[in-house]
Amino acid sequence: MKKIPQSFKILYVVFGIIFATIIIKLYILSIARHEYYNKLSVANTIKTEILVPTRGQILDRNNEPLAINELGFNLALRNRLNRDELEQELAFIATHIIDVDVDELRETYQKFNSIYRRTPVTLIDFVPYAQMQIVYATMIQKKNIVITPTTKRFYPNNASAAHVIGYIGASDVRDRENDRVSRYTKIIGKQGLEKYYNEFLQGQLGEKTIQVNSLNQQLRLIQEIPATSNNDMKVSLDMRLQEKLDSVFSEHNGAAIIMDAHNGEILAAGSYPEYNINDFVGGISHKKYKDLLENPYKPLINKLISGQYPPGSVIKMGMALAFLEFTDTTEKTIINTPPYIEVNKHKFRDWKAGGHGSADVYKAIRESVDVYFYKLSQIAGINNISLIMNKMGFGQKTGIDLPYENMGIFPTPEWKMKNYSQQWYVGDTIVTSIGQGSFLATPMQIARYTALIASGKLVTPHFAKELGGMPTKIPTQDVLTKFEHTKLPALRLGMYQVCSDPSGTAYRVTRSTKVTLACKTGTAQVVGIAQDAIRRKREADMEYWHRSQSWITAFLPYENPKYVITILIEHGGSGGRGGPLLAELANTLRDLGYVR
C-alpha cells in the first residue's frame, strides 16, 4: 500500500478540526442556544410602545378652566436630507408658518441630524391648531415634512392667581431620573399647584404591545394598557372672587387671602405683583426673566407662603388669649395704660402719643393699646406666650398644598441663643407682644390663625377640592383647651368693635360694608424709632421702603363666622390702608351669595 505523505496527514487533520468546529457551532446555534435566539427573534417581531398621558386640566370650583391643554401640531423634517433638500424644505416652511426664523430652524436640524438617527428632527414644537388648519392640506403633501398632533399647556387667565396655579416647564436631567413620566412628556410642574400635584396631573404611562413584520408594519395588537385619563383637578378658587381681588390690588404690592374659616378651602388668593405664567410654558425669554428677577417688588416670590413679615398688631388676639390664661386678668380687668413704660432705661411707647389711659381686653384689641400688651407680656412670660402662639400655628408650616412654604419665626430664648448666641431680655418679650422684633409670619399663617379665632378649629389651608372627581378630605385640629375655647367670644367681640365702634382702628374704613365684620389692623414697622424722637415721622413722608407693612385680617359675618379675609399691603403705612380693600371683598362675598 502506498504510504500517505505527511503533508496530506496534516491537511486531513486541519480539515477534521474545521469540520468538527462547524458541527459544534451548528449544535450550539440549533440546540444549545435555541431558546436565546428564539427570544431575539420574538424581540424582533414584538414591539412595545409607551402611551403618554395627557396632562390633567385644573378647573375652579365653578368648572372655569385655569390650566388646559391647547391642541396644535409639532413640525419635523425627515433625517439625512442633503443641503439642497434641506434649504428647499426650510423655504417652504417659512412661506407657510408665521414668524419662523429659518436660520434657527437650520441650526436645529444640523444639530440633531445624524446618520444614526432613525426619527425625524423636530423643528417647531408647537403650531396652534387654527394656524396649521389653513396650511395643513398643502404641507402634508411634502414627503420630507412630518406633522404630528400635540398639546401645549395654556393658562386662560394669564397672570391671575399665577402664584397659586404655577406653571409647567421642560424637564431636566434630574427630573427625568426621578420621574419616569417626564422622560416621555418632556415637561414637569415647576411652581404652584402644577408642581405640588404634578404626579397626579401628569397621569400614568400606558403601554401597547404589537406584532410587526420585517418592514416594521403592525400585524396585530397583542395588549394595550391605556394611559391614565382621569387626572383633572378641581380647586376651591372662585375666579369671580379672584378677579375682584386682582382689581382691588391693582395699585398695591403684597398678598391677600379669602378662606373658609371652617374647612380651610381658599376661595381667592393672590401674591402681588403677579406675572404671566404663559411666558414660562415654552421657555421664557432671557429679557423677560431678567426683568422679573430685577423687579424690586419681587413678582417671582410667592408672598402668600414664602413672604415673611413682622405681623404687628394683628397678633394681639393671640397674645390676649395667653394673658387671660397665664395672668390673673379677665376680659374685664382694667389695666393702667400710660403713653409709655420704661424698662432698663428704655422707653417702650404706645402708638398713640398721649396713651390710652386704661384698657380692658376689649379696648386693648379695639384700639390696639400697645402698653396693655407691654405690661401683661412681662407677667405671662415668653415661654407661656409661646405655648399659645404655637397652638395658633406660628413658627410652623400651615401644611398648605403649595411648594416652598416658609415657617416664619416665633422667637424664644432658645431660638435666640441658637441663632445669635445671645440671651433673652425683657425687651425682647415686650416687642414680641406687639408682633415686632424677630417675630415673622406669612400671610397664610395670619389667615389660618384668624380662622382659629373665628371657628375654634385650626384648619389646614388648601386649594384641592376634587382629584379625578373624588372630593379631598382635609382634617381640622381642635388645639385649644376648654378654658381657651371659653375666651374666644371675648376676642371676637374685640375684633367686632374694631370695625363697628367709632373708636375702633378700622371703623372709618370698613363701615360701608353690607355684612358685619370682625377685624384687626396691624402696622408693622420696618425701621426703628429713635429714643429721643419727640414726634413720629408720618408714614406718608417716609420713603416707600421705610414705610410700615400694612395688615388687616377679618372674619365675617360676625354673628356666624364663615369666611376669613387677610390682607397685607407691603409698605402700605398704617394698618387701616387695607380697610377699603377689605370692605370691597366682603361686599363681593355677599353679592356672590357666599354670605347673606
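Along the sequence shown, residues are numbered consecutively beginning with 1. Only heavy atoms go into these numbers, but all of them, side chains included; no hydrogens, no water, no symmetry mates.
Under the 4.5 Å side-chain criterion, counting only non-hydrogen atoms from C-beta, Leu480 is in contact with Leu488. Side chains of Val564 and Ile258 form no contact here, defined as non-hydrogen atoms less than 4.5 Å apart. Inter-residue side-chain proximity for Leu267 and Leu589 is flagged as met; some heavy-atom pair is nearer than 4.5 Å. Using a 4.5 Å heavy-atom cutoff, the side chains of Leu77 and Ile145 are in contact. Looking at Tyr449 and Met317, their side chains come closer than 4.5 Å, going by heavy atoms from C-beta outward. The shortest side-chain heavy-atom distance between Thr472 and Glu466 does not fall under the 4.5 Å cut-off. Contact annotation: the side chain of Gln202 never approaches that of Asn231 to less than 4.5 Å [non-hydrogen atoms, C-beta and beyond]. Between Val100 and Ile97, the closest side-chain pair of non-hydrogen atoms falls below 4.5 Å.
Within the structure, ring pair (Phe, Tyr, Trp, His ring centres under 6.0 Å) contacts touching residues 166-196 (residues at least two apart or in different chains) are Tyr167-Phe280. Annotation: side-chain hydrogen bond (donor to acceptor under 3.5 Å, both in side chains) contacts involving residues 585-596, sequence neighbours excluded, comprise Asp238-Tyr594, Lys514-Asp591.
Using a cutoff of 4.0 Å between basic side-chain nitrogens and carboxylate oxygens, Arg61 and Glu265 are scored as salt-bridged. The residues Asp175 and Lys190 are annotated as salt-bridged, a charged nitrogen and a carboxylate oxygen being separated by less than 4.0 angstrom.
Taking all atoms of both residues into account, the shortest heavy-atom contact from Gln57 to Leu201 is O-CD2, 4.2 Å. For Ala269 against Ile266, the heavy-atom pair with the smallest separation is CB-CG2, 3.8 Å. Scanning all heavy atoms of the two residues, the minimum distance from Ala554 to Cys519 falls at CB-CB, 3.5 Å. For the residue pair Met389 and Gly318, the shortest heavy atom distance occurs at SD-C, 3.9 Å. Residues Pro443 and Gly307 come closest through the heavy atom pair CD-O, 3.6 Å. Between Asp401 and Leu193 the shortest heavy-atom distance is O-CD2, 3.5 Å.
Within the 3.5 Å criterion, the main-chain N or O of Glu251 finds no donor-acceptor partner in the side chain of Tyr272. Between the side chain of Asn113 and the backbone N or O of Arg80, at least one donor-acceptor pair lies under 3.5 Å. Using a distance-only test at 3.5 Å, with no hydrogens or angles considered, a donor-acceptor pair links the side chain of Gln445 to the main chain of Thr442. Checking side-chain atoms of Trp551 against main-chain N and O of Pro310 turns up a donor-acceptor pair under 3.5 Å. Asp60 contributes a side-chain N or O that, together with a main-chain N or O of Glu64, makes up a donor-acceptor pair within less than 3.5 Å. The backbone N or O of Lys143 lies less than 3.5 Å from a partner atom in the side chain of Arg78, making a donor-acceptor pair. Side-chain atoms of His462 do not come within 3.5 Å of backbone N or O of Lys473 as any donor-acceptor pair. Put simply, the side chain of Asn406 gets close to the backbone of Ser306: a donor and an acceptor are under 3.5 Å apart. Under the 3.5 Å distance criterion, the side-chain polar atoms of Ser271 are matched with a main-chain donor or acceptor of Lys303. Checked by atom type and distance alone, the side chain of Arg448 never pairs as donor or acceptor with a backbone atom of Pro461 at under 3.5 Å.
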- Please report the C-alpha distance between Ile147 and Met139 in whole Å, then the side-chain angles of each, then the deciding distance to 0.1 Å, and finally whether the side chain to side chain contact (heavy atoms under 4.5 Å, CB included) criterion is met. CA-CA 8 Å; Ile147 301 172; Met139 298 198 76; 3.7 Å; yes
- Worked check of side chain to side chain contact (heavy atoms under 4.5 Å, CB included) between Ile474 and Asn263: CA-CA 7 Å; Ile474 311 296; Asn263 63 22; over 6 Å; no
- Start with the C-alpha distance between Leu458 and Met392, add both sets of side-chain angles, then the distance that settles side chain to side chain contact (heavy atoms under 4.5 Å, CB included), and finish with yes or no. CA-CA 7 Å; Leu458 191 65; Met392 293 186 153; 5.6 Å; no
- Query: Stepwise, does the side-chain hydrogen bond (donor to acceptor under 3.5 Å, both in side chains) test hold for His485 with Asp478?
  - Reply: CA-CA 10 Å; His485 274 287; Asp478 191 355; 2.8 Å; yes
- Task: Please lay out, stage by stage, how Glu107 and Lys111 fare under the test salt bridge (charged side-chain N to carboxylate O under 4.0 Å, His left out).
- Result: CA-CA 6 Å; Glu107 183 180 343; Lys111 179 179 179 181; over 6 Å; no
- Query: So Leu81 and Tyr109, side chain to side chain contact (heavy atoms under 4.5 Å, CB included) or not? Walk me through it.
  - Reply: CA-CA 10 Å; Leu81 298 180; Tyr109 186 84; 3.4 Å; yes
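The distance from atom OG1 of Thr476 to atom NE2 of His262, rounded to the nearest 0.5 Å, is 10.5 Å. A distance of 5.5 Å separates CG in Leu556 from CG in Leu517, rounded to the nearest 0.5 Å. Between atom NE2 of residue His286 and atom CG of residue Asp291 there is a gap of 9.5 Å, rounded to the nearest 0.5 Å. Atoms OG and CZ, on Ser171 and Arg176 in that order, are 3.5 Å from each other to the nearest 0.5 Å. Annotation: the span from Thr553 atom OG1 to Ile446 atom CD1 amounts to 7.0 Å, rounded to 0.5 Å. Between atom OG1 of residue Thr398 and atom CD1 of residue Ile400 there is a gap of 5.0 Å, rounded to the nearest 0.5 Å.
Crowding of Lys288 atom NZ: a count of heavy atoms from other residues, nucleotides or ligands under 6.0 Å not exceeding 12. Applying the 6.0 Å contact sphere to CG of Leu293 captures more than 12 heavy atoms from other residues, nucleotides or ligands. Atom CD of Glu199 sits in a sparse spot, with 12 or fewer heavy atoms from other residues, nucleotides or ligands closer than 6.0 Å.
No side-chain donor from either of Glu274 and Ser160 sits under 3.5 Å from a side-chain acceptor of the other. Between the side chains of Lys152 and Asn69, not a single donor N or O lies within less than 3.5 Å of an accepting N or O. Defined by atom type and a distance below 3.5 Å, a donor-acceptor pair is present between the side-chain atoms of Tyr309 and Glu570. With hydrogens and angles left out, the side-chain atoms of Tyr289 and Asp279 include no donor and acceptor closer than 3.5 Å.
Every side-chain hydrogen bond (donor to acceptor under 3.5 Å, both in side chains) that Glu194 has, sequence neighbours left out, goes to Arg55, Arg153, Tyr155. Every residue two or more places apart in sequence or in another chain was checked for a side-chain hydrogen bond (donor to acceptor under 3.5 Å, both in side chains) with Lys195, and none qualifies. Residues that satisfy the side-chain hydrogen bond (donor to acceptor under 3.5 Å, both in side chains) test with Asp99, not counting sequence neighbours, are absent from this structure. Taking the side-chain hydrogen bond (donor to acceptor under 3.5 Å, both in side chains) definition, one finds that Gln141 meets it with nothing, sequence neighbours left out.
The aromatic ring centres of Phe439 and Phe394 sit less than 6.0 Å apart.
Both the sub-6.0 Å distance and the 45° axial angle are satisfied by Lys142 relative to the ring of Phe92.
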